[in-house]
S.K.: 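Supplied in structure tokens, the structure appears directly below.
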Amino acid sequence: MSNLTLTQLVKTYGQTEVLHSIDLEIEDGEFVVLVGPSGCGKSTTLRLIAGLEEATSGTIEIGGKVVNNLEPKERNIAMVFQNYAIYPHMSVRKNIGFGLRSSKMAKADKEKRIDEIAEILGMTDLLSRKPNQLSGGQRQRVAIGRAIVRDPQVFLFDEPLSNLDAALRVQTRLEIAKLHRRMDATMIYVTHDQVEAMTLADRIVVLNAGNVEQFGSPLELYHRPQNLFVATFIGSPTMNIVAGTLAGASNGDAEVKVANGSVLHAKVDASNMSGGTDVKVGMRPEHLSLCAVDDGETFRGSIDVIEELGESFLAHVDVGEGERIIVRGDGTARVKEGETVGIRFRPEDGHVFSASGAALPRTSPDAFPESGAPTLN
Ligand code: ADP
């Protein structure tokens, strides 16, 4: 298994540059997920690593060795695509073994290796079945088995779950997570599904229009997005963004006047900015709460729409001046559409962005629990 380094990687198709000098250092054994909107360059990055496309400039290193000029099969990489192709006339054993066809391993060793992979994938009892006797998820596992049987240095997954239905996606996602733990392999996984990214990744790369917007752990991206793009890309429903101007800054606390006249405080360091500067305030729906009017609210507005989700509800509140704020509450809503409500907001939950979209540093000590895992008591 191996680390992977991309240095100033550029890809152009004709006159169009689609990847702009990507730098990434992926550690040995890490599970890294590439996310971003359609067309941002996720698949292109993966195809460059696999050697299916040639880099325009920059280097790709696997295990400290530059592989730009190596053929795909010389890179010791396994790739699992969304359109997995397994052979209908071959048994599961033969399909998995197909990955070893060019290996010089002795036949008995090959059989042993196939047994090991089948065990890892929980398919030991299915080895003699043909693909038409398997479920969609099991077929996907055969394709994964064929890719991993060669014991590659790096695994590449390109949206491997996107053809599966919702329940199977969840199940196969868990299997991929277990596979990673068991094999301790370096894995790079492309998806546009942020739940997949958050649940699978050690670290996530957020790509946008051929640039890396941020590379960090799922919780770093959630609690400390570096810019507006990442802030609004990670989280569902998306973070509320309200325009305002900086009214004052002191002691790691910024005072912001927003368009509808409300003044709010956010625990960010705005000491480098002058009063009156345009900023944007970000508030996640789950960090806001509804209250009665005149009960310590930051915003006041009328409820446009309530969406009941069962375990929680989303209240869409019109707070005036064309601004609308979504609040997520627990359980069933006790308010009705058309009602006037207050919205409470804690300064330590606030995000503030400059006009360029860069996040101001958050100063609340509990903005992100950096020191280890949470304890149970
Ligand atoms: P993603 O996987 O994030 O959806 P891609 O990596 O497939 O995005 O594509 C990135 C950009 O490169 C897109 O604008 C796409 O249209 C363009 N692109 C991809 N492949 C080619 C190609 N073979 N020729 C020209 N443009 C391409």
Side-chain angles (χ1 to χ4, degrees), residues 4-26 30-62 67-73 75 77-85 140 143-144 147 154-164 166 169 172-173 176 186-216 218 221 225-236 238 357:
L4 181 118
T5 308
L6 308 182
T7 311
Q8 296 180 5
L9 190 65
V10 172
K11 178 65 184 171
T12 7
Y13 289 112
Q15 299 295 310
T16 318
E17 190 172 290
V18 298
L19 286 183
H20 316 295
S21 198
I22 303 283
D23 288 309
L24 276 184
E25 278 193 45
I26 295 171
E30 220 181 347
F31 197 132
V32 168
V33 176
L34 305 182
V35 280
S38 180
C40 69
K42 303 180 294 293
S43 296
T44 303
T45 308
L46 215 60
R47 292 170 64 79
L48 286 169
I49 297 168
L52 302 173
E53 299 276 354
E54 203 178 323
T56 306
S57 61
T59 54
I60 302 165
E61 284 169 70
I62 298 175
V67 298
N68 289 51
N69 295 323
L70 295 186
E71 291 293 317
K73 63 177 186 315
R75 296 191 184 191
I77 273 177
M79 191 148 178
V80 182
F81 294 95
Q82 80 186 61
N83 295 314
Y84 49 90
Q140 177 65 310
I144 293 174
V154 177
F155 290 80
L156 306 178
F157 293 93
D158 194 356
E159 306 238 10
L161 309 185
S162 55
N163 284 345
L164 306 179
R169 280 179 83 109
T172 315
R173 191 175 85 207
I176 291 177
T186 308
M187 292 187 171
I188 303 171
Y189 187 104
V190 162
T191 181
H192 61 270
D193 179 332
Q194 56 153 302
V195 176
E196 254 169 64
M198 293 294 281
T199 51
L200 284 171
D202 292 319
R203 285 195 292 169
I204 297 175
V205 182
V206 182
L207 275 178
N208 177 30
N211 290 303
V212 174
E213 294 278 356
Q214 190 166 351
F215 183 25
L221 299 194
Q226 276 170 5
N227 53 51
L228 206 48
F229 183 86
V230 177
T232 51
F233 190 78
I234 301 286
S236 178
T238 193

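Start at 1 and go down the list; that is how both ligands and their atoms are numbered.
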S.K.: Could you list the residues that satisfy side-chain contact (heavy atoms from CB on, under 4.5 Å) with Val18, not counting sequence neighbours?
M.R.: Lys11, Tyr13, Thr16, Thr44

S.K.: List the residues meeting side-chain contact (heavy atoms from CB on, under 4.5 Å) with Leu228, not counting sequence neighbours, and say none if there are none.
M.R.: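 Here the qualifying residues are Ile241, Lys280, Phe353.
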
S.K.: With under 30° as parallel and over 60° as perpendicular, where do the rings of Phe157 and Phe31 fit, or are they tilted in between?
M.R.: parallel

S.K.: For a quick check under 3.5 Å, do Asn227 and Gln214 share a side-chain donor-acceptor pair by atom type?
M.R.: no

S.K.: Output all residues satisfying side chain to side chain donor-acceptor pair (under 3.5 Å) with Ser43, sequence neighbours left out; order by chain, then residue number.
M.R.: Asp158

S.K.: So which residues, sorted by chain and number, lie with a heavy atom under 4.0 Å of ligand 1?
M.R.: Tyr13, Val18, Pro37, Ser38, Gly39, Cys40, Gly41, Lys42, Ser43, Thr44

S.K.: Take Thr172 and Gln140 through the side-chain hydrogen bond (donor to acceptor under 3.5 Å, both in side chains) test and state the conclusion after the steps.
M.R.: CA-CA 8 Å; Thr172 315; Gln140 177 65 310; over 6 Å; no

